[in-house]
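Remember, it's 1-based here, ligands and their atoms both numbered in the order they're listed.
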Amino acid sequence: MMTIKELNDQFGINNNVVFKEGNGGFVFIHICNEYADAELCLYGAHLISYKPTGQPDILWMSKRALFQEGKAIRGGVPVCFPWFGPHLTDNTKPQHGFARLRYWEVESTRKNADGSVSVSLSLQQSTGSLAMWPYPFKAVAEFIIGKQLEIKLTVTNTGKENFEYSDALHTYFNISDIHSITIQGTRDTSYYEFDKDLQKQTEELLTINKETDRKYIEHSSGCIISDPGYQRQLHCSKAGSKVTVIWNPWEAKTKTMNDMEPDGYKTFVCIEPVNAYRGINIITLAPGESHTLAACIEQH
Ligand code: BG6
């Protein structure tokens, strides 16, 4: 692994990209420019914060988040790969795959012509990953920190046989109050929730007033979170994703989670561009092929 000095020498950009040691001894990248400040952790390629200048953070982080190797970080944008949710056949394998539990490498950093900054991190197979999922791959997560936040997760099959995978950008949105926000964009879309049969949302606006864990299928468009308390709308668009998950654990479930404060559920909602649920919309890559899952968040 490269030292902080080596990372700064090779990838640092004056005033825009700085590597430093942070929580749990993990390496963090502080990215800043005229539009926003962001924190990205190499462990998990985990975006911790994206704060437009003078505004509350767009991303929520748990005050009790664990920064420990082998544990997932609660909040921000966990990267789920090569499966989303529980493993389909083996529940001893980690929920949401292993990508969020691995140290990623820095691929490149760049200042763009419009003043935004791009940072790309990569992950490839290792002895540990092959023991869980027997395929060579390269995953590149690109973060573009600018007037809007863009994240692109590109997976390439670098092996000699086809593989199937699913993935997600498990985004925790920072909101003023779960009781007052509305989410637009999932009307007339079918979803699974808990162990129930397929249902369809008929309301134009989704409000959340109980534990919610909806997996909307055949949903390729975006959502808008309207937040009267923060006087903002977050426009979340996506590409390369056919499933959208909307999750809030509500009060009782939150109490069972050791890495979330008891009232944490009141100030976030997860809206996640996802690629497969129970094998529906799973991605197949032949050798040499790539697929990109992309998300863009704009504040209005
Ligand atoms: C969501 C799932 O994407 O992630 C939920 O739909 C799950 O079922 C949630 O509880 C959190 O998962 P984890 O592994 O980060 O606690």
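Looking at R214 against ligand 1, nothing comes within 4.0 Å, counting heavy atoms.
Protein heavy atom nearest atom 5 (C) of ligand 1, with residue, atom name and distance: D213 OD2, 3.2 Å. For atom 3 (O) of ligand 1, the nearest protein heavy atom (residue, atom name, distance) is E272 OE1, 2.7 Å. With respect to atom 13 (P) of ligand 1, the closest heavy atom belonging to the protein is R74 NH1, 3.6 Å. Nearest to atom 4 (O) of ligand 1 among the protein's heavy atoms is H170 NE2, 2.7 Å. Among protein heavy atoms, the minimum distance from atom 7 (C) of ligand 1 is reached at Q95 NE2, 3.8 Å. Nearest non-hydrogen protein atom to atom 15 (O) of ligand 1 is R100 NH1, 2.9 Å. Ranking the protein heavy atoms by distance from atom 11 (C) of ligand 1 puts W247 CH2, 3.6 Å first.
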Residues 96-103, side-chain donor-acceptor partners within the protein, below 3.5 Å, at least two apart:
unit_1 : atom_1 : unit_2 : atom_2 : d
H96    : ND1    : G85    : N      : 2.7
R100   : NH2    : Q95    : O      : 3.2
Y103   : OH     : E69    : OE1    : 3.3

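Near K253, with a cut-off below 4.0 Å to any heavy atom, the atoms of ligand 1 are 10 (O). Contact atoms of ligand 1 toward K215: 6 (O), 8 (O) (distance under 4.0 Å to a heavy atom of the residue).
When atom types are taken as modelled, the side chain of D227 and the backbone of S176 share a donor-acceptor pair closer than 3.5 angstrom.
In terms of hydrophobic clustering, with Ile, Leu, Val, Met, Phe, Trp and Tyr side chains grouped at heavy-atom distances under 4.5 Å, V245 and I183 are assigned to different clusters.
Residues N16 and N33 have side chains that never bring a donor and an acceptor to within less than 3.5 angstrom of each other.
Using bins of under 30°, 30° to 60° and over 60° for the plane-to-plane angle, the ring pair Y172/W247 lands in the perpendicular bin. Ring geometry for H170 against F84 counts as tilted: the plane angle lies between 30° and 60°, on a 0 to 90° scale.
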